Amino acid sequence: MKPLIFILFVIFHNNSQSAERLFNKADSLFNIQNFEEAISTYSSILENNLESSEIYYNMGLCYFQMEEFEKAKNQFRKSTTLNPKLKIAEERITQCNNKLLKQKRPQLLTQIWRNKIRNLCTVTSWVSITILLQILLTLLIVSKLFYNKKIPNTYLILLLFTSILFYYFGSSLIIHNTNILS
Amino acid sequence: MKKILLFFILLNHLSSFSQELNVIINKNPALTNEVITLQFTINAKGNDFRPPSLSNFHILSGPNQGFSQSYSNQNGKTTREIKTTISYSIQAKKVGTYIIPSASVRVNGKNIKSKVLKVKVEKGTETNNNNSTNVYIKLITNKSEIFVGEQISSISKIYIKNGTNIQNSNIPPITYNGFWEDEVKVNTNKQKREIIDGVAYTSIKFRHSILTSQKSGELYIPSSKMSVSIPKRGRLISNHPFFGAQYETILSNVNLSSKQKTIKVKKLPSPIPTTFHGTVSENFTIKTSVDKTTLKTSEAISFKVIFRGEGNINMLEPFDIQFPRAFEIFEPTITDKTFTGNYSTNGTKTFEYILIAREEGNFEIDEIDFTYLNPTTGKYQNIKSKKHSFKIEKGKQYFPIDSSQINQQKIELLEFNGNSKISTRILLYHWFPKLFWGGILIILIIYLTSFIQKKRNSNPEHTKRRKSTKIAIKRLKNAQLCLNTNDFDVFFEEIEKSLWGYLTDKFGVKSSELSKETIDLHFNNSNIDNDFKNKFIEILNVCEFSRYSPSQNKNKQMQETLNNAKEIIIKIESNLSKK
């Protein structure tokens with residue numbers, strides 16, 4: 001058993017280490033202005049089933065330096081979807097839009113609010129909150145129905161609606177993210 | 001000023017009323033063997049006509065003077081129209097171009113002169129050869145070798161020999177491959193006299209297109225087609241001694257088609273400059289204009305780029321223009337004021353950019369570098385627009401639609417900060433909706449089961465009855481079996497046994513103590529109604545008697561007893577659990 005754990009550890013460790021090595025290699029390629037090579041190096045990390053907002057951001061910068069603003073914008077968007085707190089990527093997107101002479105498409109107020117709320121959490125937190133709420137709801141219902149605990153129905157309905165609301169934001173964020181990341 | 005204007009208007013008015021000596025010649029260019037009619041007309045009564053010198057022509061007849069007067073009454077107002085006509089029939093002596101000098105006539109004591117006329121005379125062939133085609137189509141292009149993007153004019157003309165009539169013309173449309181077509185409006189009523197190989201033809205232009213080549217290589221302009229009906233003399237109908245021979249006219253359909261033309265389209269000479277945007281023109285200008293040069297922040301200016309020229313200007317699309325970063329730029333509006341001329345598209349095209357100032361300071365919009373290809377020289381020509389400078393003063397603060405202070409920031413890469421697996425993310429995205437709806441389903445199922453259970457428990461009478469029935473059926477199982485096998489003796493024994501068995505089980509009576517008295521005692525202890533007790537005992541009695549007494553209708557009796565036994569057990573059970 002011990003050797004197996006050791007082997008697994010080595011494989012995993014090696015994988016992440018090689019990713020970091022590739023990342024640093026791409027960075028140095030970027031620094032010597034070899035953007036195309038840098039992009040292909042970054043994409044090789046992605047091909048290894050690994051991703052991070054930093055990779056997408058740096059790829060976007062490569063395209064940006066190559067003045068391919070449309071592609072750069074797509075990469076920056078991927079970066080922000082993985083890490084919504086990355087403000088610099090959002091600023092780069094507006095910069096790309098300026099370069100492309102593009103205006104942000106006008107949105108309805110409801111859409112703006114939905115997006116604002118949606119972007120408050122990451123997908124993982126939406127998912128975990130929703131699932132937790134559901135488990136809580138199930139437990140309460142079971143205890144009410146089968147163990148005759150006195151729980152007001154309003155609480156249950158409120159809980160159900162919140163979980164559906166959370167699901168709505170979570171799934172809308174998922175759809176949004178898959179559209180961008182695929 | 002007004003008086004002068006009025007004077008000019010009056011003068012203009014007068015001149016339009018003044019008489020003119022018009023001169024018309026019916027054939028120009030003419031042939032040497034043709035008779036030409038030369039006619040002078042004036043809308044007045046003229047006299048003292050001084051004819052022009054016609055030394056180069058034979059005068060066959062003339063001057064023949066005519067005079068006509070007509071009155072017309074319109075809305076009660078009578079107008080009189082006078083017309084004087086002097087005509088000649090002449091024939092040219094030799095081939096050449098001749099000038100018919102002006103003639104003059106005297107009207108109301110004033111000498112009026114005609115215009116000078118130029119007549120071209122060509123050699124006519126004597127034999128009017130019937131074999132030569134009477135009608136044909138020609139496709140005329142102005143160039144045969146062009147660059148990509150260069151325009152050529154393609155004109156289709158029909159030539160009709162004088163004396164031939166055509167009817168029912170039908171022109172099928174043409175589709176061009178590799179060319180962009182702009183049609184020029186043609187007036188098919190406009191006829192032109194042309195002399196080809198000494199034969200006079202009437203030519204009519206029926207199609208005129210300006211073609212812009214889209215790709216290089218050998219491109220074809222497809223042949224122009226037209227189907228016409230030409231009347232021909234058919235068989236003799238009658239030979240009247242006075243009117244002469246009369247013939248039937250037969251319309252024969254003729255499909256005319258021209259040759260197709262090959263146009264060699266050359267590639268653009270390389271290297272292609274970066275400022276070249278596909279414009280091929282012989283004459284092209286660029287001009288820029290702004291509506292103001294000093295403004296305040298958050299104010300807008302309109303920046304116009306105006307292109308003027310001939311060639312494929314209609315294909316010009318907006319291209320990247322470097323604007324100072326102090327401006328927010330919106331996509332340009334395009335104003336296309338091009339029209340199709342005889343040989344190319346001409347006109348102006350304007351791109352209007354709206355710029356909004358967002359920073360104060362002095363800024364410049366650089367000259368726009370534009371390159372076009374001159375097809376005659378085969379070289380690129382570079383033109384530049386003017387430089388514009390702006391002074392932006394502090395005004396209302398400009399709030400951009402998106403914050404863009406990033407421009408000043410350095411381009412810096414982010415550092416490595418761990419990775420996450422793509423497959424995990426995809427798995428999560430994939431399973432979340434299923435998980436959620438699964439949870440909802442589980443909650444629903446829980447509710448449903450509890451609901452069903454509640455419904456079952458909602459009526460205690462029913463539940464008890466159901467339970468008692470179950471017990472009774474269980475007890476009387478053997479009796480039921482006997483009934484099915486018609487085992488008369490065993491049946492009553494079984495019923496009895498079952499009832500006693502039920503009693504022992506229910507009230508914990510020992511088998512040795514079983515008697516009708518004990519029933520009494522236990523039933524009373526359990527507060528069971530007397531009716532039930534009596535009935536129970538009655539059934540026991542029935543069973544006892546039936547075992548030893550013969551009966552006529554055993555089957556019916558058996559069924560009745562069984563039902564009664566079942567009923568009594570159910571009733572006792574219900575009664576018991578009620579208390």
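What you see is a predicted model, and the numbers here were worked out from it, not measured in a lab. Letters A, B, ... mirror the listed sequences (proteins, then strands); counts begin at 1. All values below come from the heavy atoms of this structure, side chains included, with hydrogens, waters and symmetry mates left out.
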(message) As an exercise: rank A/Leu145, A/Asp27, A/Ile55 by heavy-atom pairs under 4.5 Å with chain B and give me the winner.
(response) A/Leu145
(request) Check whether A/Leu133 gets within reach of chain B through its side chain, its backbone, both or neither, counting any heavy atom under 4.5 Å. (result) neither
(message) Does B/Glu364 have more than 12 heavy atoms from other residues, nucleotides or ligands lying within 6.0 Å of its CD?
(response) yes
(message) Is A/Glu90 close to chain B through its backbone or its side chain, or both, or neither, when contacts mean heavy atoms under 4.5 Å?
(response) neither
(message) Can you confirm whether B/Phe451 is buried at CZ, in the sense that more than 12 heavy atoms of other residues, nucleotides or ligands lie under 6.0 Å from that atom?
(response) no
(message) Would you say CD of B/Glu367 has more than 12 non-hydrogen atoms from neighbouring residues, nucleotides or ligands within 6.0 angstrom?
(response) yes
(request) State which residues pass salt bridge (Lys or Arg N to Asp or Glu O under 4.0 Å) with B/Asp366; sequence neighbours excluded, sorted by chain then number. (result) none
(message) Would you say that more than 12 heavy atoms from the other residues, nucleotides or ligands in this model lie under 6.0 Å from the NZ of B/Lys267, or not?
(response) no
(message) Taking CZ in A/Arg118 as the centre, count heavy atoms belonging to other residues, nucleotides or ligands within less than 6.0 Å. Is the count above 12?
(response) yes
(message) Please classify the contact between A/Leu160 and chain B as side chain, backbone, both or neither, with a heavy-atom cut-off of under 4.5 Å.
(response) side chain
(message) Quick check: under 4.5 Å, non-hydrogen atoms only, which of residues 119-129 of chain A neighbour chain B?
(response) A/Val123, A/Thr124, A/Val127
(request) Count the heavy atoms belonging to other residues, nucleotides or ligands that lie under 6.0 Å from NZ of B/Lys287, then report whether that count exceeds 12. (result) no
(message) Is it the case that over 12 heavy atoms from other parts of the model lie below 6.0 angstrom from the CH2 atom of B/Trp431?
(response) no
(message) Measuring only between side-chain heavy atoms, which start at C-beta, is B/Pro324 closer than 4.5 Å to B/Ile365?
(response) yes
(message) Please classify the contact of B/Ile443 with chain A as side chain, backbone, both or neither, using a heavy-atom distance under 4.5 Å.
(response) side chain
(message) So for A/Ile135, is it side chain, backbone, both, or neither that comes closer than 4.5 Å to the heavy atoms of chain B?
(response) neither
(message) For A/Leu181, which atoms come within 4.5 Å of any heavy atom of chain B: side chain, backbone, both, or neither?
(response) side chain
(request) Please look at A/Ile93 and chain B and tell me whether the side chain, the backbone, both or neither of the residue comes under 4.5 angstrom of a heavy atom of that chain. (result) neither
(request) Pick one of side chain, backbone, both or neither for A/Ser163, based on which atoms fall under 4.5 Å of a heavy atom in chain B. (result) both
(message) Please classify the contact between B/Ile442 and chain A as side chain, backbone, both or neither, with a heavy-atom cut-off of under 4.5 Å.
(response) side chain
(request) Verify whether one side chain among A/Thr81 and A/Asn177 offers a donor that lies under 3.5 Å from an acceptor in the other. (result) no
(message) Between B/Arg425 and A/Glu51, does any side-chain N to carboxylate O distance fall below 4.0 Å?
(response) yes
(message) Counting only non-hydrogen atoms closer than 4.5 Å, does B/Ile440 touch chain A with its backbone (N, CA, C, O), its side chain (CB onward), both, or neither?
(response) both
(request) Under 4.5 Å heavy-atom distance to chain B, tell me which part of A/Tyr167 shows up: side chain, backbone, both or neither. (result) both
(request) Answer with side chain, backbone, both or neither: which region of B/Thr424 has an atom nearer than 4.5 Å to a non-hydrogen atom of chain A? (result) neither
(message) When you compare the side chain of A/Ile174 with that of B/Phe432, does any pair of heavy atoms fall below 4.5 Å?
(response) yes
